Number of protein chains: 2
Amino acid sequence: MKYTEKLRNSGLRPTKQRLQICEVLFETEKTFHFTINELSLKIKKQIDNKISLATIYNTVHAFEKKGYLKQIPINSNETYFDTNVSDHHHFYDLKKEKLIDLENADVGPIDIKRKIDGKKIKSVEILVKLED
Amino acid sequence: MKYTEKLRNSGLRPTKQRLQICEVLFETEKTFHFTINELSLKIKKQIDNKISLATIYNTVHAFEKKGYLKQIPINSNETYFDTNVSDHHHFYDLKKEKLIDLENADVGPIDIKRKIDGKKIKSVEILVKLED
DNA sequence: ACACTTTTTTAGAATCATTATAAACTACTT
DNA sequence: AAGTAGTTTATAATGATTCTAAAAAAGTGT
Ligand SMILES: [Mn+2]
Ligand SMILES: [Mn+2]
Ligand SMILES: [Zn+2]
Ligand SMILES: [Zn+2]
């Protein structure tokens, strides 16, 4: 299995559940955005055995900590995650409540002129809200 | 009272509670960021009578809808609001869990090149996460 | 294979920010 | 003053997320 090594290298045991979640998350043509609830439904559809919700939460958070997933800063009553972990920005369709990736070429260079003493910039994320 | 008219013009009755919340929110030198919980504590300190938590939630949401407050897109277990309703961006100090305003001069012009058919840009917000 | 340790999974309970309910109260209109 | 529509409030409900602790699985050494 191609994810076994990836998990081992991260200090995560390649369990059946984690490998299955890897398939659902990463064995896709395109990257995608999801909430835990949506991922849970996707898992139910794609695999036979049951994976507990607690394990899905645990795994998503473990993957996020390891950098295999990104949390998207947005106000919703559910937390959004992204399988696209490259630096990129988002449209947020307020009507559909859907995120859309902005490619790097879609956004001009961002110039943050201010500095805060003793602090480093970890990330710079743009959220563009869309209405009709 | 200076807020009575403002409320009336928005179709909101100028109740005692709303006027008091206006004072706590807007009768300040500087704008500020807050969670409902923080606002609730601030209200307790600044006024004598009690305002129920439900009213604080109702009022904050009413004011947001009217454009007197802005919700800041950030992932926290509590929702952040901003009394600064001008277009501006934020630093987020991950350690302190505090927001810092970026003035417009602090950020170069932002160029969103991509368009989505039938959708208009409602807002463009940058969140710069800071680590040590 | 076996014994032993550590990590992981799991069902269910707990947490807690937020929203809903519905009765009492207040502001506004006539 | 009476009527009504809007507001406040205590309290309950909701629901995403986290916690718990016991069972299962994975890794390690022999
Ligand atoms: Mn959802
Ligand atoms: Mn808060
Ligand atoms: Zn994305
Ligand atoms: Zn601000």
Side-chain angles (χ1 to χ4, degrees), chain A residues 1 3-25 33-44 47-66 68-69 71-81 97, chain B residues 1 3-25 33-44 47-66 68-69 71-81 97:
Chain A
M1 196 66 90
Y3 297 110
T4 301
E5 186 129 356
K6 178 176 176 173
L7 289 171
R8 279 232 178 75
N9 292 340
S10 314
L12 298 171
R13 289 184 181 175
T15 63
K16 179 181 166 196
Q17 290 87 343
R18 284 178 178 155
L19 290 168
Q20 289 179 322
I21 293 174
C22 277
E23 297 224 345
V24 173
L25 289 176
H33 308 111
F34 64 91
T35 63
I36 297 285
N37 181 52
E38 290 165 353
L39 177 60
S40 179
L41 295 174
K42 207 161 192 276
I43 288 168
K44 276 199 188 72
I47 70 177
D48 291 325
N49 52 303
K50 187 198 179 195
I51 299 181
S52 81
L53 188 56
T55 296
I56 299 175
Y57 272 97
N58 289 341
T59 302
V60 165
H61 287 132
F63 287 3
E64 194 217 353
K65 189 165 288 179
K66 297 301 179 183
Y68 303 143
L69 290 174
Q71 198 175 346
I72 301 173
I74 194 175
N75 292 118
S76 161
N77 86 322
E78 296 170 277
T79 304
Y80 275 86
F81 291 91
E97 295 184 321
Chain B
M1 197 66 89
Y3 297 110
T4 301
E5 187 131 356
K6 177 174 176 174
L7 289 171
R8 279 230 181 76
N9 292 341
S10 315
L12 298 172
R13 290 185 180 173
T15 62
K16 179 181 167 195
Q17 292 86 346
R18 284 179 179 155
L19 290 168
Q20 289 179 323
I21 294 175
C22 277
E23 297 224 345
V24 173
L25 288 176
H33 308 111
F34 65 91
T35 63
I36 297 285
N37 181 54
E38 290 163 354
L39 177 60
S40 179
L41 296 173
K42 207 161 192 276
I43 288 168
K44 277 201 187 72
I47 69 176
D48 290 327
N49 53 302
K50 186 197 179 195
I51 298 181
S52 82
L53 188 56
T55 296
I56 299 176
Y57 271 98
N58 289 341
T59 302
V60 165
H61 286 130
F63 287 3
E64 194 217 353
K65 190 166 287 180
K66 297 301 180 183
Y68 304 143
L69 290 174
Q71 198 175 345
I72 302 173
I74 194 175
N75 292 118
S76 160
N77 86 320
E78 294 170 278
T79 304
Y80 275 87
F81 292 91
E97 294 185 323

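What you see is a predicted model, and the numbers here were worked out from it, not measured in a lab. Letters go in sequence order (proteins before strands), and every chain restarts at 1.
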Peer 1: Please determine if a side-chain N or O atom of B/R8 lies less than 4.0 Å away from the OP1 or OP2 oxygen of C/dA27.
Peer 2: no
Peer 1: How close or far is atom C1' of C/dT26 from atom CG of B/L12, stated in whole angstroms?
Peer 2: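 Result: 15 Å.
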Peer 1: Please check if the side chain of B/R8 supplies one atom and the backbone of B/P14 the other of a donor-acceptor pair under 3.5 Å.
Peer 2: no
Peer 1: Considering the options A/N49, A/T59, A/T55, which one meets the side-chain hydrogen bond (donor to acceptor under 3.5 Å, both in side chains) requirement together with A/Q20?
Peer 2: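 Exactly one option meets the side-chain hydrogen bond (donor to acceptor under 3.5 Å, both in side chains) with A/Q20, and it is A/N49.
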Peer 1: Under 4.0 Å between a side-chain N or O of B/H61 and OP1 or OP2 of C/dT19?
Peer 2: yes
Peer 1: Does B/S52 put a side-chain nitrogen or oxygen below 4.0 Å from OP1 or OP2 of D/dT8?
Peer 2: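 For B/S52, the contact criterion (side-chain N or O under 4.0 Å from OP1 or OP2 of D/dT8) is not met.
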Peer 1: What's the CZ-P distance between A/R13 and D/dT28, to the nearest Å?
Peer 2: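 Going from A/R13 (CZ) to D/dT28 (P), I get 7 Å.
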Peer 1: Rounded to whole angstrom units, what separation is found between the CD atom of A/E5 and the P atom of D/dG27?
Peer 2: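 Spelled out: CD on A/E5 to P on D/dG27 is 13 Å.
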Peer 1: Does C/dA11 have OP1 or OP2 under 4.0 Å away from a side-chain N or O of A/K50?
Peer 2: yes
Peer 1: Look at the side-chain N and O atoms of B/T79 and state whether any lies under 4.0 Å from the OP1 or OP2 oxygen of C/dT18.
Peer 2: yes
Peer 1: Which nucleotide, D/dT8, D/dG27, C/dT18, lies nearest any side-chain atom of B/N58?
Peer 2: D/dT8
Peer 1: B/A54 has a side chain; which of D/dT17, C/dT9, C/dA20 sits nearest to it?
Peer 2: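 Among the listed nucleotides, the one closest to the side chain of B/A54 is C/dA20.
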Peer 1: From B/R18 CZ over to B/K6 NZ, what is the distance, rounded to the nearest 0.5 angstrom?
Peer 2: 13.0 Å
Peer 1: Determine, step by step, whether B/I36 and B/F81 satisfy the side chain to side chain contact (heavy atoms under 4.5 Å, CB included) criterion, reporting the C-alpha distance in whole Å, the side-chain angles of both residues, the deciding distance to 0.1 Å, and the verdict.
Peer 2: CA-CA 8 Å; B/I36 297 285; B/F81 292 91; 4.1 Å; yes
Peer 1: Taking CG from A/N49 and P from C/dT9, how many angstroms apart are they, rounded to a whole number?
Peer 2: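 Rounded to whole Å, this separation is 12 Å.
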Peer 1: Remember a base hit wins even if backbone is also touched, and classify A/T15 as base, sugar-phosphate or nothing at under 4.0 Å, heavy atoms.
Peer 2: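 Answer is sugar-phosphate: A/T15 comes under 4.0 Å of backbone atoms only.
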Peer 1: Rounded to the nearest angstrom, tell me the gap between atom CD in B/Q17 and atom P in C/dA24.
Peer 2: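 Taking CD of B/Q17 and P of C/dA24, I get 18 Å after rounding.
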Peer 1: What is the distance, rounded to the nearest whole Å, between atom CZ of B/R18 and atom P of C/dC28?
Peer 2: 10 Å
Peer 1: Please give, in whole Å, the distance from D/dT9 P to B/L53 CG?
Peer 2: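 Rounded to the whole Å, the gap is 11 Å.
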Peer 1: Where the side chain of B/P14 is defined as all heavy atoms beyond and including C-beta, which of D/dG27, C/dA27, C/dT18 is the nearest nucleotide?
Peer 2: C/dA27
Peer 1: Is any side-chain heavy atom of B/C22 less than 4.5 Å from a side-chain heavy atom of B/F63?
Peer 2: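 Contact flag for B/C22/B/F63 side chains = yes.
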Peer 1: Could you give the CG-to-C1' distance, from A/L7 to D/dA25, as a whole number of Å?
Peer 2: 15 Å
Peer 1: Between B/K16 and B/Y57, which is nearer to the 5' end of DNA chain C once each is assigned its nearest nucleotide?
Peer 2: B/Y57
